[in-house]
Amino acid sequence: MNAAVRGARRTIPLAAAGLMALALSACGVAKVDEVSVKWPPFRDGTPVVLPSDPAQCPDLAGTYRTQGEYRSGDRDTKSLNDLRTFLSYPLDLQGMRDNVLPEWQSTPDATVAFTPAAGGWDVLALDGRGARSAAYLPLLNGAQDPGALARDARPGVPDGIRRHTGCAQGRLWVSVRHDWRQYESMGVRRHVALFRPEAGGLLVTVRRESDSIGLLPWYSNESSVFQYWFAPVAP
């Protein structure tokens, strides 16, 4: 084997390592519903936190259909088809994930209501057939939800989640970070959701970033953006 071939074979893994290091260290800025969101490198543990101003909070009060209407983005993403399911996971609001009896059914009659409460919103989901889920969505002005970590630790997500909320440009934003570990692999799932009134209903826009790295090492990233509108329900 000549020296040129040996040198080329050495260059390939070095180049791959360099590209992976660049991917792991890069910071990105993307627009989500016209709001700039800065995505720090996933391995440094920094959550995605947007600027916040309580004066820019929207009025979300109302009752909305749980089944949303697709507006734009990744059609293959199913997590926002049902608003109650989205609030349960990935936003992980305490109470929404509780098992309900009778079992929740995502019917055309199912609704989610937002009612202003001290420091946030009470959220009530009804499927129209007897099932109900209730939760509290705090408005934290950019701070971390102090109850999220301890309450949301579970198998596969031993450190729980980190959730921050705030308001910007007439939108409520909710940022959630799940760190997971399995055998020699680890990864991070990050969601930023923006809520705002639109045509009497509720418009929700989400950007999702999923990063993982293994022992080899190998690195992967999946990114998607999707937007749904939830129609109002008359009182």
Side-chain angles (χ1 to χ4, degrees), residues 32-33 35 37 47-48 50 58 60-100 103-115 120-128 131-140 145 147-148 151-152 154 156-157 160-167 171-178 180 188-199 201-210 222-233:
V32 182
D33 194 23
V35 178
V37 180
V48 181
L50 285 62
L60 299 182
T63 302
Y64 310 99
R65 299 289 180 194
T66 22
Q67 294 185 352
E69 299 178 15
Y70 169 83
R71 284 294 178 88
S72 64
D74 186 355
R75 275 189 178 275
D76 293 333
T77 300
K78 305 299 183 184
S79 62
L80 198 49
N81 287 353
D82 182 282
L83 184 56
R84 185 259 183 184
T85 300
F86 181 72
L87 295 172
S88 302
Y89 181 84
L91 295 195
D92 285 283
L93 294 187
Q94 285 87 16
M96 282 291 159
R97 278 209 324 269
D98 295 346
N99 292 326
V100 295
E103 184 178 353
W104 175 270
Q105 299 182 55
S106 182
T107 69
D109 295 328
T111 61
V112 173
F114 289 79
T115 303
W121 290 271
D122 286 327
V123 184
L124 176 64
L126 303 171
D127 74 350
R132 69 190 307 273
S133 299
Y136 174 67
L137 176 59
L139 178 58
L140 302 169
D145 185 345
R151 296 179 184 176
D152 287 310
R154 55 191 184 274
V157 191
I161 70 165
R162 279 179 282 177
R163 181 172 52 245
H164 295 70
T165 70
C167 294
R171 296 147 172 85
L172 167 72
W173 60 262
V174 181
S175 174
V176 177
R177 176 182 173 116
H178 298 76
W180 60 267
V188 176
R189 288 183 290 269
R190 296 177 290 180
H191 292 76
V192 171
L194 288 105
F195 297 74
R196 64 179 170 93
E198 171 80 8
L202 182 67
L203 187 69
V204 184
T205 309
V206 180
R207 183 181 179 102
R208 173 184 181 270
E209 293 285 336
S210 179
E222 295 179 4
S223 178
S224 58
V225 180
F226 40 98
Q227 183 181 75
Y228 279 75
W229 180 76
F230 299 89
V233 177

Side chains of Val206 and Tyr228, heavy atoms from C-beta outward: is any pair under 4.5 Å?
no

Non-hydrogen side-chain atoms of Val192 and Val174 separated by less than 4.5 Å
no

Contacts of Thr85 that satisfy side-chain hydrogen bond (donor to acceptor under 3.5 Å, both in side chains) - sequence neighbours left out:
Asp82

Go through Thr63 and Val112 one step at a time and tell me if the side chain to side chain contact (heavy atoms under 4.5 Å, CB included) criterion holds.
CA-CA 6 Å; Thr63 302; Val112 173; over 6 Å; no

Quick one: closest heavy-atom pair of Ile161 and Leu91, and the distance?
CD1-O, 4.3 Å

Less than 4.5 Å apart, any side-chain heavy atom of Leu124 and any of Thr115?
no

Interatomic distance, Thr111 atom OG1 to Leu83 atom CG [nearest 0.5 angstrom]
10.0 Å

What is the distance from atom CH2 of Trp173 to atom CG of Leu194, rounded to the nearest 0.5 Å?
9.5 Å

Can you tell me how the ring of Tyr89 sits relative to the ring of His191, calling it parallel under 30°, perpendicular over 60° and tilted otherwise?
perpendicular

Arg163 with Asp92: basic N within carboxylate O range, under 4.0 Å:
no

Applying side-chain contact (heavy atoms from CB on, under 4.5 Å), name anything that partners Ala61, two or more places apart in sequence or on another chain.
Asp59, Pro116

To the nearest 0.5 Å, tell me how far Leu126 CG sits from Thr66 OG1.
9.0 Å

With sequence neighbours excluded, residues passing side-chain hydrogen bond (donor to acceptor under 3.5 Å, both in side chains) with Thr205:
Gln227

Say you draw a straight line from CZ of Phe195 to CZ of Phe114; how long is it, rounded to the nearest 0.5 Å?
5.5 Å

Is the shortest side-chain heavy-atom distance between Leu60 and Pro197 below 4.5 Å?
yes

Rounded to the nearest 0.5 Å, how far does CZ of Arg208 lie from OG of Ser210?
4.5 Å

Test side-chain contact (heavy atoms from CB on, under 4.5 Å) applied to Glu198 - qualifying residues, sequence neighbours left out:
Arg71, Arg196, Leu203, Trp229

Return the set of residues passing salt bridge (charged side-chain N to carboxylate O under 4.0 Å, His left out) with Arg84 (not counting sequence neighbours), or none when no residue passes.
none

So, taking the atom named CG in Leu50 and the one named OG in Ser175, what distance separates them when rounded to the nearest 0.5 Å?
7.0 Å

Without swapping roles, check the side chain of Tyr64 against the backbone of Gln67 for a donor-acceptor pair under 3.5 Å.
no

Minimum side-chain heavy-atom gap Cys167-Leu139 below 4.5 Å
yes

Tell me every residue that passes side-chain contact (heavy atoms from CB on, under 4.5 Å) with Leu140, counting only those two or more places apart in sequence or in another chain.
Pro138, Ala143, Asp145, Thr165

Any non-hydrogen side-chain atom of Val37 less than 4.5 Å from a side-chain atom of Val48?
yes

In terms of heavy-atom contacts, Arg65 and Phe230 come closest through O-CD2, 3.3 Å

Among residues at least two apart in sequence or on other chains, which ones pass side-chain contact (heavy atoms from CB on, under 4.5 Å) with Glu103?
none

Quick one: side-chain hydrogen bond (donor to acceptor under 3.5 Å, both in side chains) partners of Ser223, sequence neighbours excluded?
Arg207, Glu209

Counting N and O atoms only, with roles assigned by atom type, does the side chain of Arg171 sit under 3.5 Å from a partner on the main chain of Gly166, one being a donor and the other an acceptor?
no

So, the side chain of Asp127 versus the backbone of Gln105: is there a donor-acceptor pair under 3.5 Å, distance only?
yes

